[in-house]
Amino acid sequence: MGVTGPIRVVVAKPGLDGHDRGAKVIARALRDAGMEVIYTGLHQTPEQIVDTAIQEDADAIGLSVLSGAHMTLFAKVLELLRERDAEDIKVFGGGIIPEADIPLLKERGVAEIFTPGATTTSIVEWVRANVRPVAA
């Protein structure tokens, strides 16, 4: 592919959840690690998130969901990426997500889920290793 430049990540807060401190902390950690971060702000629809990711030529979308609507919101973002032929954009996320739901989300196409207690270092390392891995 020959993609160069910093990894580009859209960090988004879908739905009606108004708690964005965690998303801002992750956005800052990714930025401080040399990535380009586009933070969409609160109350974004899946359509707005996917539109932003495509317009910004993002490599990944990081979703923060604390509202309990994670199954619906992640599924809709993934569906829209498929419809827009943008499945190369990796989707990862975090928030208050029950352990039992994590395998289901991954089966549907979510690349990784980070639950409370995940360190910013582990998230940065995961993004570097999995979003645009360096060719061997």
Side-chain angles (χ1 to χ4, degrees):
M1 275 175 83
V3 178
T4 59
I7 294 171
R8 295 177 60 82
V9 181
V10 169
V11 175
K13 288 290 301 179
L16 299 176
D17 172 20
H19 298 16
D20 64 347
R21 183 178 310 166
K24 288 179 177 177
V25 167
I26 299 308
R28 179 168 286 193
L30 295 172
R31 181 206 64 192
D32 290 351
M35 298 177 207
E36 289 186 15
V37 178
I38 300 92
Y39 175 62
T40 64
L42 293 168
H43 310 302
Q44 299 296 297
T45 66
E47 291 82 3
Q48 290 170 316
I49 294 165
V50 170
D51 284 348
T52 298
I54 291 170
Q55 290 170 7
E56 294 290 343
D57 197 24
D59 299 299
I61 297 171
L63 298 175
S64 172
V65 182
L66 304 172
S67 65
H70 51 276
M71 298 303 284
T72 302
L73 293 168
F74 277 95
K76 186 63 176 175
V77 168
L78 292 164
E79 174 189 329
L80 291 167
L81 288 171
R82 279 190 293 278
E83 287 175 7
R84 303 277 304 268
D85 195 29
E87 289 177 277
D88 59 322
I89 301 173
K90 288 206 178 184
V91 176
F92 67 98
I96 307 300
I97 298 172
E99 288 292 325
D101 291 347
I102 293 172
L104 299 171
L105 290 166
K106 288 185 175 185
E107 285 175 21
R108 293 180 180 175
V110 178
E112 188 60 84
I113 296 292
F114 297 95
T115 54
T119 66
T120 55
T121 301
S122 67
I123 296 167
V124 166
E125 288 173 356
W126 182 88
V127 171
R128 281 189 178 140
N130 293 280
V131 169
R132 200 191 302 158
V134 177

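All values derive from a computational prediction rather than experimental measurement.
- Taken together through direct or relayed side-chain contacts under 4.5 Å among Ile, Leu, Val, Met, Phe, Trp and Tyr, L104 and V110 form part of one hydrophobic cluster.
- Using cut-offs of 30° and 60° for the angle between ring planes, the F92 and W126 rings count as tilted.
- Residues I89 and V131 do not share a hydrophobic cluster, clusters being chains of Ile/Leu/Val/Met/Phe/Trp/Tyr side chains in contact below 4.5 Å.
- Within the structure, salt bridge (Lys or Arg N to Asp or Glu O under 4.0 Å) contacts touching residues 108-119 (residues at least two apart or in different chains) are K106-E112.
- The shortest side-chain heavy-atom distance between T115 and I102 falls under the 4.5 Å cut-off.
- Hydrophobic clustering of Ile, Leu, Val, Met, Phe, Trp and Tyr side chains at less than 4.5 Å, counting indirect connections, keeps F114 apart from I97.
- In terms of modelled atom types and a separation under 3.5 Å, the side chain of K90 and the main chain of N130 share a donor-acceptor contact.
- With R132 contributing its side chain and P6 its backbone, the two residues share a donor-acceptor pair below 3.5 Å.
- A salt bridge links D17 with K13: the distance from a Lys NZ or Arg NE/NH1/NH2 to an Asp or Glu carboxylate oxygen falls below 4.0 Å.
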Show me, pair by pair, the donor-acceptor contacts under 3.5 angstrom made by side chains of residues 67-84, not counting sequence neighbours?
unit_1 : atom_1 : unit_2 : atom_2 : d
S67    : OG     : A69    : N      : 3.3
H70    : NE2    : D101   : OD2    : 2.6
R84    : NH1    : D51    : OD1    : 2.4

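- Both I26 and V124 are members of a single hydrophobic cluster when ILVMFWY side chains are connected at heavy-atom separations under 4.5 Å.
- Q44 and L42 get closest at one heavy-atom pair: NE2-O, 3.1 Å.
- When the side chains of ILVMFWY residues are joined at heavy-atom separations under 4.5 Å, either directly or via intervening members, I7 and V10 end up in two distinct hydrophobic clusters.
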